[in-house]
There are 2 protein chains.
Amino acid sequence: MPEAASPSSRRPPRARYRELTLREIKDLAWEQVAEGGGAALSLNSIARRMGLTGPALYRYFANRDALLTELVREGYRGLAEAVDAAVPGAGEADPELRLRAFVHALWTWSAEMPHRYLLLFGAPVPGYAAPEDTFEQAFRPMAVLFDVLAELPPGPAETRAVSGGPLRDQLAGWVDARGGEPLPPEVALRAVRCWARLHGLISLALVGQFTATGVDPEEVLRVELDALLAGH
Amino acid sequence: MPEAASPSSRRPPRARYRELTLREIKDLAWEQVAEGGGAALSLNSIARRMGLTGPALYRYFANRDALLTELVREGYRGLAEAVDAAVPGAGEADPELRLRAFVHALWTWSAEMPHRYLLLFGAPVPGYAAPEDTFEQAFRPMAVLFDVLAELPPGPAETRAVSGGPLRDQLAGWVDARGGEPLPPEVALRAVRCWARLHGLISLALVGQFTATGVDPEEVLRVELDALLAGH
DNA sequence: TTACGTTCGTTATAGCCTGTAACCAAAGAA
DNA sequence: TTCTTTGGTTACAGGCTATAACGAACGTAA
């Protein structure tokens, strides 16, 4: 068995060819997603663009959903890599800067590839249910957020919210179901708030709810982030 | 011309019949949307459920998008009515209570009819562009939010954010493009923040991003709302 | 009452899609 | 050189949108 070194080199030609066509299919699929969203994906039209007939693609993907799943997987991977690359390590910058880098990375990633963002976090494609393991992938950016926020002192809003009510236990259950290092629930709460605020503004912006208003959503995001950093 | 009193009574039978079938089509359409989202809408299958053949429905709607547009219109109308009904008038309750009523109304509405919420505020159905006037409808709940928040003293976060930078003018331009009574930009900003936080949590919840965590998004919403009411 | 236009349904058809079945050619391995 | 696996083909079933051509029934008006 070849060591699976670099993807499509140093491999028996058959396997090499297969990888190349798989790549070509997925590239064209991303194009379609970029143009019309996940529901616009069509195996037939991809095949046509490749100079093949429709059924040929069923040698590579069991069905449309399988291709979609692969795209979702790649999407999560790409997002995680983008975030990892953009956020400086724990020792390289102060936590506030790291947080701003995180937010900025997610913002620009979604702005540059809106349909990709919507594919991962938007309305589910009808009839399609993402497999379990994609959720795991989805957690990678959140883990970065945990890591960054753990360095900041918890704000009064979080400490108060966690002191009473059901949230404390829910958050605790979540973080240690995730394994890894223990994390105070205040930090987890702040991460959720950060994520939700960011997602809210991103998705409203992507759908175009801001265009008619003349308000720059990124400015609003700045306000929200400042408030969060101030501990509220 | 009949006075268009109650929709389908006191009308020539032909028109009456037409209204009834229109209603039946839209009801079945809502059923389909409830089951599979906007993209699952199929004129053909609606016709079948009505005991008709596909092309018959083209006497009632020019095409699939026309039906979808009608649903979007009805959706916005229904949401606006739900909000209007749930939020007490300016004299009937203190502003904080009114705001909580607003948030609760939107939350429950989206929870009860998730696909309807996603149809209005989620990813656009591929190939479909909502007509201009639906955006106007979309503003009605926001107007209520304006009305409620205008009664509350502006918080430090908003006053600071509006004192410098481009946000002040953007918000001002927005509110008086909307006409109606003049509104300080701080209030508009708080409305946007409230809306975005709410939308973020709602859409994450609807897509199921919270299910795996065990965290109750409504609790997080409470935290976010408290912070906003505290002026942050 | 009869004649006529409008409305609402039908069937037929074109063109897209997903997905399966049956078949065939070429590539690699034994 | 044979024989299996792989990757393509065509044919087909069934779904969808949408248009065209046609017919029946409704309601009106002579």
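Every chain is numbered from 1, with letters handed out A, B, ... down the list of sequences. Since this is a predicted model, take the numbers as computed values, not measurements. Worth knowing before you read on, the calculation uses all heavy atoms, side chains too, and leaves out hydrogens, waters and symmetry mates.
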The side chain of B:R64 lies closest to which of these nucleotides: C:dC8, C:dG19, D:dT17? D:dT17
Strictly below 4.0 Å: does A:N63 bring a side-chain N or O up to OP1 or OP2 of C:dT18? no
Please state how far atom CD in A:E19 lies from atom P in D:dG7, giving the value in whole angstrom units. 12 Å
Strand-adjacent residues in residues 48-61 of chain A, judged by heavy atoms under 4.0 Å from DNA chain C: A:R48, A:P55, A:Y58, A:R59
For residues B:S42 and B:Q32, is any side-chain donor paired with an opposing acceptor at under 3.5 Å? no
note: A:R16, atom CZ; C:dA27, atom P; distance rounded to Å ~ 16 Å
Cationic N near anionic O, under 4.0 Å, A:E219 to A:R222: yes
Rounded to the nearest angstrom, tell me the gap between atom CG in B:L43 and atom P in C:dT10. 14 Å
Does A:Y17 put a side-chain nitrogen or oxygen below 4.0 Å from OP1 or OP2 of D:dG8? yes
What is the distance from atom CG of B:L67 to atom CG of B:L57, rounded to the nearest 0.5 Å? 8.5 Å
Can you tell me how far C1' of C:dT18 sits from CD1 of A:I46, to the nearest Å? 13 Å
Paired with A:F146, the ring-ring contact (aromatic ring centres under 6.0 Å, His included) test is passed by just one of A:F102, A:W195, A:F139, namely A:F139
So that I can tick it off, tell me whether B:E74 and B:R23 are bridged by a salt bridge, with the cut-off set at under 4.0 angstrom between side-chain N and carboxylate O. yes
Which nucleotide in C:dT18, D:dT17, C:dA27 has an atom nearest any side-chain atom of A:R14: C:dA27
Distance in angstrom units between B:L67 CG and D:dT17 C1', rounded: 13 Å
D:dT17, OP1 or OP2 - any side-chain N/O from B:N44 closer than 4.0 Å? yes
Classify the nucleic acid contact of B:T21 as base, sugar-phosphate or nothing, counting any heavy atom under 4.0 Å across all strands shown. nothing
d(B:L28 CG, B:L43 CG) to nearest 0.5 Å is 11.5 Å
Salt bridge (Lys or Arg N to Asp or Glu O under 4.0 Å) filter on B:D169, not counting sequence neighbours, yields none
